[in-house]
Amino acid sequence: MGPITLAAIYIICWWVVLFVVLPIGMNQGARERPQDGGDWGAPDRPNLKRKFITTTWIAAIVWLVVVGIIFSGVITLPDMSRTY
């Protein structure tokens, strides 16, 4: 498995973890009507920087587990480099 494949697996893990982390901490309790033209569903403080940092280290752990499973041979990737 080459470095491009490893990077692609990490990017996929990162995006999946991002969509898991984004709704954490969002509270849509009693709110006032937005006066600045904002949307009702938009969070007041989304904390995106903190969520991106959290996503990065959780994705690294998930990536290590996935790569470990692949290298152990439990799951194999097809060899796409062969020409027929």
Side-chain angles (χ1 to χ4, degrees):
M1 189 168 21
I4 294 175
T5 305
L6 291 172
I9 292 172
Y10 179 78
I11 290 169
I12 291 169
C13 290
W14 194 89
W15 278 103
V16 170
V17 171
L18 175 66
F19 289 121
V20 171
V21 170
L22 275 178
I24 294 175
M26 293 293 109
N27 184 4
Q28 297 294 331
R31 297 179 51 177
E32 296 179 10
R33 181 177 178 90
Q35 300 296 325
D36 61 355
D39 189 82
W40 281 91
D44 292 332
R45 286 172 272 125
N47 298 323
L48 290 179
K49 182 178 179 180
R50 186 170 139 212
K51 289 183 180 185
F52 285 168
I53 292 169
T54 303
T55 298
T56 301
W57 67 265
I58 292 175
I61 294 169
V62 171
W63 178 79
L64 285 172
V65 170
V66 170
V67 170
I69 290 171
I70 292 171
F71 279 131
S72 71
V74 175
I75 296 175
T76 59
L77 294 178
D79 185 14
M80 304 295 270
S81 63
R82 286 189 262 165
T83 56
Y84 296 100

Would a single hydrophobic cluster contain both Phe71 and Tyr10, if residues Ile, Leu, Val, Met, Phe, Trp and Tyr are joined by side-chain heavy-atom contacts under 4.5 Å? yes

Between CD1 on residue Ile69 and CD1 on residue Ile75, distance to nearest 0.5 Å: 5.5 Å

Distance, nearest 0.5 Å, that separates CD1 of Ile70 from CD1 of Ile9: 4.0 Å

CG of Leu18 to OG1 of Thr56: how many Å apart, nearest 0.5 Å? 9.0 Å

Linked, directly or transitively: Ile12 and Val62 (ILVMFWY side chains, under 4.5 Å): no

Spell out, yes or no, whether Val65 and Val21 are grouped together once hydrophobic residues are joined by side-chain heavy atoms under 4.5 Å, including indirect joins. no

Of all heavy-atom pairs between Val66 and Cys13, which one has the smallest distance, and what is that distance? CG2-SG, 4.4 Å

Linking I/L/V/M/F/W/Y whenever any side-chain heavy atoms sit under 4.5 Å apart, do Val74 and Ile61 land together? no

ILVMFWY network linking Val20 to Leu48, side-chain heavy atoms under 4.5 angstrom: no

Determine the interplanar angle of the Trp14 and Phe52 rings, folded into 0 to 90°, and report it as parallel if under 30°, tilted if 30 to 60°, perpendicular if over 60°. tilted

When rounded to the nearest 0.5 angstrom, what distance separates CD1 in Ile24 from OG1 in Thr55? 8.5 Å

